[in-house]
Amino acid sequence: MAAVSRLSKLAVAVVATVAGGSIILQPSLSSNDRGTSDQALESYRNKINDPTAVVPRRSVQESALIGASSLNPLDILVIGGGATGCGVALDAVTRGLRVGLVEREDFGSGTSSRSTKLIHGGVRYVENAVFNLDYKELKLVFHALKERKQFIENAPHLCHVLPCMTPCFDWFEVVYYWIGLKMHDFVSGPCLLHLSRYYSAQQSVELFPTLATNGQGRSLKGTVVYYDGQMNDSRVNVGLACTAALAGAAVLNYAEVVGFLKEEGSDRIIGARIRDNLSGKEFDTYAKVIVNAAGPFCDSVRKMVDKEAVAVICPSCGVHVVLPDYYSPEGMGLIVPMTKDGRVVFMLPWLGRTVAGTTDSNADITMLPEPHEDEIQFILDAISGYLNVKSSLEPKPNSSENLGAANRCSLSLECMAEDAVNAAIKSGKLKPTNECVTEKLRIVGGDGWELAYFTVLAQQYLRMKKTLGGKVVPGVMDTAAARHLSQAYGVLAERVAAIAQNESLGKRLAHGYPFLEAEVAYCARHEYCESAVDFIARRSRLAFLDTHAANHALPRVIEILAAEHNWDKSRQNQELQKAKKFLETFKSSRNAQFHDGKHD
């Protein structure tokens, strides 16, 4: 997802789709081994899935970056640890290149943790591709279908197939959407998830009980259901970062580029000045090629190189509203393909809640965007006409803005991580040891995972819990907790369950949610979780699901992180204030709570 500029060897990455990060100061494969890509793929699979393997500590990763000198530079330095940057780094490191990645905040702290949670198969492009005979749009469909299939296959514990229902209130809509989705089925070919189909009004209500049978003076004629992908976006991002680290990468979060190093006597960039935002220490690292994958902050990075650089990012924001689970049934989404102003609105089940959205409006670029009341109301108004749930309940949504680069302004710079690495190789005359292997490379935790894996956890582990008096009492690893661990960590869930059992960290962090104390310790040790916000927002998704519950869990989260990272009282207080400030950007922390039984 980047285009490399030959002048500065700076690749501007605009659109996020994958995640991970990496650096290798010694090639992961022998320089004499120019084996096939299949051999390389097997080698990396073994490294990533080694049951004894753990990600290098953050201090080790920083030392690796510091060790990249002008005489022994990295092949590629990636700026940005979101979806795009981590995808570029993971692709590069698994080609045997020496790659570094720095992220000024946490992995996925921006757009990559605030997406729609859908893995689109390009259905929105079918209309233009077919009816307007637009080959470019058709290529987008093919590309999206391929990426969706790879996404679901390579992160099976974090991604799944989701049926999406489109309500039709006249027979023309039924025929129109049925034909359109059948065309999408046809072009999907081997990437088809399931065939789309029509359901009668009665069948539709049985599948989606809150669906209105009468709306705006019209009666429901039926629905057309197609299948798309759904994911846990930030955990995919973190998973890929850890995958890259296990493949030999040095990924470093909370490391900010504060300047670039230029070759003496020329404007050629040969490295970057990095500040560790946790310690305040600064250091230099050198690289043959630098890839700018800073998402909506790409322009600010470009302006470090050239103050006169013309902006290429057109920032836009989209609001997502998190509603109680009863708004949508588990396992079925709702798509409103055309609102009054021509926008698409969806309502999807996600982690025991319902996510509705999204809007699209111009915005300023900020790390902590806040939603506007009119955007929230637009979403509620748009879905209310299709539901038999009374809108007057005003559930006061838990909402978040998704700040990113608008496609209409960035299409000319869009390409996949593979394309970005190809461009970097050409620009820097780099020498990879093999071709791209990420198409068939599962992220950490995914290899060997099956849907029934949670039963292993439920049968073989206990949740040992400490009471307020310090007494340890056993508790069952119930189905909800076991299923959650399985779907969040894949086959590595046994490591989390072992911590819950052996270190007496089996208590839930918040009533009504499956998140366990053991996860905080695990993420601090094995997923570069460096702050309370890292955990409540991106390692778990509690902040997005329920700000009240996240607020309640904070003291215990900070207590466990303090034990893992040796924080003093001052740091713990800072973490608490920072996390509360973060939660304030979610509207529900300032208004009425849901009455859904979770906190009664």
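Reckoned from all heavy atoms, side chains included, excluding hydrogens, waters and symmetry mates.
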For a side-chain contact (heavy atoms from CB on, under 4.5 Å) check, start with the C-alpha distance between Val456 and Glu494, then their side-chain angles and the critical distance, and finish with the verdict.
CA-CA 9 Å; Val456 175; Glu494 285 198 65; 4.2 Å; yes

For the residue pair [X] and [Y], what are the closest heavy atoms and their distance?
X      : Y      : value
Val60  : Pro56  : CG1-CB, 4.0 Å
Cys242 : Val444 : CB-CG1, 4.1 Å
Ala579 : Val533 : CA-CG2, 3.6 Å
Phe107 : Val238 : O-CG2, 4.4 Å
Gly81  : Asn237 : O-ND2, 3.3 Å

Return yes if a side-chain donor-acceptor contact under 3.5 Å exists between [X] and [Y], otherwise no.
X      : Y      : value
Glu256 : Asn277 : yes
Asp568 : Ser570 : no
Gln487 : His157 : no
Ser204 : Thr223 : yes
Arg541 : Asn232 : yes
Ser531 : Asp534 : yes

Check this for me: Leu278, atom CG, are more than 12 non-hydrogen atoms of other residues, nucleotides or ligands nearer than 6.0 Å?
yes

Inspect the surroundings of CD in Glu450 and state if more than 12 heavy atoms from other residues, nucleotides or ligands are less than 6.0 Å away.
no

Is a salt bridge present between Arg556 and Glu559, judged by a nitrogen-to-oxygen distance below 4.0 Å?
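Yes, Arg556 and Glu559 are salt-bridged.
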
Looking at Asp106 and Arg539, is there a salt bridge between them, counting it only when a charged N and a carboxylate O are closer than 4.0 Å?
yes

Where the side chain of [X] meets the backbone of [Y], is there a donor-acceptor pair that is under 3.5 Å apart?
X      : Y      : result
Tyr461 : Ala500 : no
Ser113 : Gly108 : yes
Gln230 : His160 : no
Ser486 : Gly490 : no

I would like to know whether Asp233 and Arg114 meet salt bridge (Lys or Arg N to Asp or Glu O under 4.0 Å); could you show each step before the answer?
CA-CA 8 Å; Asp233 51 3; Arg114 298 165 180 256; over 6 Å; no

When the ring planes of His484 and Tyr489 are compared, do they come out parallel, tilted or perpendicular, using 30° and 60° as the limits?
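Geometry flag for Tyr489 against His484: perpendicular rings.
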
Once you measure the plane-to-plane angle for His526 and Tyr522, does it fall in the parallel (<30°), tilted (30-60°) or perpendicular (>60°) bin?
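The arrangement is tilted - the two ring planes meet at 30° to 60°.
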
At what distance, to the nearest 0.5 angstrom, does [atom1] of [X] lie from [atom2] of [Y]?
X      : Y      : atom1 : atom2 : result
Tyr226 : Ser188 : OH    : OG    : 11.0 Å
Thr547 : Ile536 : OG1   : CD1   : 9.5 Å
Arg45  : Arg442 : CZ    : CZ    : 8.5 Å
Arg148 : Cys191 : CZ    : SG    : 7.5 Å
Asp478 : Arg483 : CG    : CZ    : 11.0 Å
Ile383 : Ser328 : CD1   : OG    : 9.5 Å

Establish, yes or no, whether the cationic atom of Arg538 lies under 6.0 Å from the six-membered ring centre of Phe535 and within 45° of the ring axis.
no

Within 45° of the ring axis of Phe544 and under 6.0 Å from its six-membered ring centre, is that where the NZ or CZ of Lys117 lies?
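The answer is yes, since Lys117 meets both limits relative to Phe544.
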
Would you mind telling me which of Arg463, Lys465, Arg525 makes a salt bridge (charged side-chain N to carboxylate O under 4.0 Å, His left out) with Glu503?
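Looking at Arg463, Lys465, Arg525, the match for Glu503 under the salt bridge (charged side-chain N to carboxylate O under 4.0 Å, His left out) is Arg525.
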
Those residues that, when tested against Lys507, pass side-chain hydrogen bond (donor to acceptor under 3.5 Å, both in side chains) (two or more places apart):
none

Starting from the C-alpha separation in whole Å, work towards a yes-or-no answer on side-chain contact (heavy atoms from CB on, under 4.5 Å) for Lys466 and Val473.
CA-CA 6 Å; Lys466 284 184 181 178; Val473 296; over 6 Å; no

Given Arg235 and Ile443, is the side-chain contact (heavy atoms from CB on, under 4.5 Å) satisfied, shown in steps?
CA-CA 11 Å; Arg235 286 213 55 81; Ile443 71 170; over 6 Å; no

Applying salt bridge (Lys or Arg N to Asp or Glu O under 4.0 Å), run through Glu153 and Lys149 and close with a yes or a no.
CA-CA 6 Å; Glu153 289 179 351; Lys149 183 173 184 290; 2.8 Å; yes

Applying side-chain contact (heavy atoms from CB on, under 4.5 Å) between Arg353 and each of Val322, Asp325, Leu323, report the one that passes.
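In the set Val322, Asp325, Leu323, the residue that makes a side-chain contact (heavy atoms from CB on, under 4.5 Å) with Arg353 is Val322.
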
